[in-house]
Protein chains: 2
Amino acid sequence: MNGPAIRVPKFTLTRLPYYYRFVCDCDERGLKFVSSEEISQGVQVNAVQIRRDLMLFDALGTPGVGYSVGELRGKLEEILGLNNVNEAVLIGVGRLGRAILDYPGFKRYGLSIVALFDNAPEIIGEKIGTKEIFPVTELEHIVARLHIKVGIITVSASGAQSVADILISSGIKAIWNFAQVYIRVPREIVVRNEDLAAGLATLFHHLSETGTETKVASDPPLSTQL
Amino acid sequence: MNGPAIRVPKFTLTRLPYYYRFVCDCDERGLKFVSSEEISQGVQVNAVQIRRDLMLFDALGTPGVGYSVGELRGKLEEILGLNNVNEAVLIGVGRLGRAILDYPGFKRYGLSIVALFDNAPEIIGEKIGTKEIFPVTELEHIVARLHIKVGIITVSASGAQSVADILISSGIKAIWNFAQVYIRVPREIVVRNEDLAAGLATLFHHLSETGTETKVASDPPLSTQL
DNA sequence: TAGATTGTTAATCGATTAACAATC
DNA sequence: TAGATTGTTAATCGATTAACAATC
């Protein structure tokens with residue numbers, strides 16, 4: 001499909017979603033072309049960087065004109081894997097789980113949460129929208145049967161690893177972990193440990209710096225584990 | 001207080017919260033000393049990197065022994081500005097706002113949300129725990145009077161910039177933005193744009209890569225704007 | 001054509017890691 | 001002392017930016 005196996009720089013990948021969001025906005029405003037300089041303004045990334053990043057994926061523009069908005073959008077969707085619907089299960093239907101369940105930003109990304117799980121007997125069977133909450137004992141079974149590839153963990157820290165283990169043994173490929181612990185997984189499983197508190201800490205650090213020095217943090221939200 | 005104005009590498013700062021979490025865990029387990037190698041295991045960061053990062057802040061260990069858990073914890077708290085209580089206001093008391101309001105990870109970080117704001121008449125006056133929801137028209141007034149330094153934006157994308165503008169004009173110093181837009185602020189204000197969907201996108205990308213190549217993403221959640 | 005903006009190479013910059021003497 | 005683990009320098013690696021010819 002692609003040439004000689006592109007090696008994507010770690011940080012390029014974290015910038016792509018921002019380009020994507022900006023290009024979607026352009027698209028919705030009806031723009032046909034956009035220059036790297038304009039994207040640069042919108043996402044706070046150097047224009048050369050952007051051209052270079054896009055080049056890596058053969059998302060090419062036209063000299064003197066810029067990038068076709070429609071084409072670029074399509075290309076980014078392809079790179080980011082947004083064309084296929086990504087089915088997921090979510091474990092832990094507390095407040096955080098519920099917030100994620102209707103976080104507006106996911107629509108664009110083709111994320112579809114197809115089943116919910118929790119341990120608390122009093123909410124099992126409850127429906128949120130069209131989705132029923134199942135007991136965690138059903139997790140392995142359902143994930144395996146529906147061939148779900150993504151698991152979202154929103155349980156407490158103490159329960160996270162065991163949930164992860166169940167997910168892995170039922171054939172999950174990627175885990176998005178919001179619990180306050182690092183979970184350990186085999187090499188072939190993709191994990192993203194989302195630690196909101198860590199973001200907060202860096203914010204506080206900047207805040208505690210005195211006057212002039214304060215450089216502001218933005219956020220290609222960064223990085224990736226091996 | 002400090003010597004010749006330490007210049008902290010951008011990424012060092014994003015790793016610190018992870019060290020902190022690990023060291024807290026050690027502390028709670030009653031450990032007195034921990035080596036850079038042990039921390040390395042726990043947070044998935046090279047041990048040399050850790051020693052170097054800590055060195056920058058004069059968080060020194062003892063050769064042959066390791067780091068004093070208590071001392072290191074204290075030092076990290078100081079660096080991350082966790083000793084002073086950080087008062088914040090939260091604007092937008094929807095599901096996301098409520099989730100953040102009781103996200104367990106914040107306790108450690110001295111974040112205290114002291115007032116809530118929303119526009120929806122039907123929830124104004126409602127109390128969440130001990131905190132009342134005020135109308136957004138009161139925002140400027142209250143922030144200024146209480147000298148609040150941190151604002152958390154959990155409104156929809158369309159409302160975010162105007163909320164930010166109000167916060168800024170009432171003297172806020174830092175903004176933690178969960179809305180799906182980049183907000184623009186003056187240079188001296190610290191912003192962290194938290195885009196959960198972007199995290200999702202990188203997860204999907206890894207997922208769509210074929211077989212052997214799949215290196216997993218972890219996440220010193222990254223980065224900082226200028 | 002002249003002006004704009006691209007793709008790409010080369011130069012710079014910063015972050016990571018390897019190596020090791022110093023220290024408990 | 002011997003063993004462990006540090007602090008720190010030097011070497012490597014990768015990411016960013018400046019410069020510019022090629023192209024529309």
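Convention: sequence-line order gives letters A, B, ...; per-chain numbering from 1.
Checked by atom type and distance alone, the side chain of Asn86(A) pairs as donor or acceptor with a backbone atom of Gly81(A) at under 3.5 Å. Judged purely by atom type and a 3.5 angstrom limit, Ser68(B) uses its side chain to pair as donor or acceptor with the backbone of Glu71(B). Asn177(B) places no side-chain N or O within 3.5 Å of a backbone atom of Thr154(B) that could act as its donor or acceptor partner. The closest donor-acceptor contact from the side chain of Thr12(A) to the backbone of Val8(A) lies at 3.5 Å or more, if one exists at all. In this structure a side-chain-to-backbone donor-acceptor pair under 3.5 Å is present from Ser35(A) to Glu38(A). The backbone N or O of Ile166(A) sits less than 3.5 Å from a side-chain atom of Ser170(A), completing a donor-acceptor pair. Side chain of Ser40(B) to main chain of Val45(B): a donor-acceptor pair is present (N/O by atom type, distance under 3.5 Å, no hydrogens or angles). Under the 3.5 Å distance criterion, the side-chain polar atoms of Gln161(B) are matched with a main-chain donor or acceptor of Arg184(B).
The salt bridge (Lys or Arg N to Asp or Glu O under 4.0 Å) test with Asp53(A) is passed by exactly one of Arg15(A), Lys75(A), Lys10(A): Arg15(A).
Aromatic ring orientation, Phe11(A) versus Phe11(B): parallel (interplanar angle below 30°, classes split at 30° and 60°).
At the heavy-atom level, Val65(B) lies under 4.0 Å from the strands shown only through sugar-phosphate atoms.
With DNA chain D read from its 5' end, the first of the two nearest nucleotides for Gly64(A) and Arg52(A) is the one closest to Arg52(A). Toward the 5' end of DNA chain C, the nearer of the two residues Thr12(B) and Met55(A), judged by each one's closest nucleotide, is Met55(A).
Heavy-atom distances under 4.0 Å link DNA chain D to Ser35(B), Ser36(B) of residues 25-41 of chain B, given in residue order.
For DNA chain D, the outermost nucleotides in 5' to 3' order that have an atom under 4.0 Å from a heavy atom of chain A are dA15(D) to dC24(D).
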A correct dot-bracket answer for DNA chain C, with pairs being Watson-Crick or G-U at under 3.5 Å, [ ] for crossing pairs and | for inter-strand pairs, is ..||||||||||||||||||||||
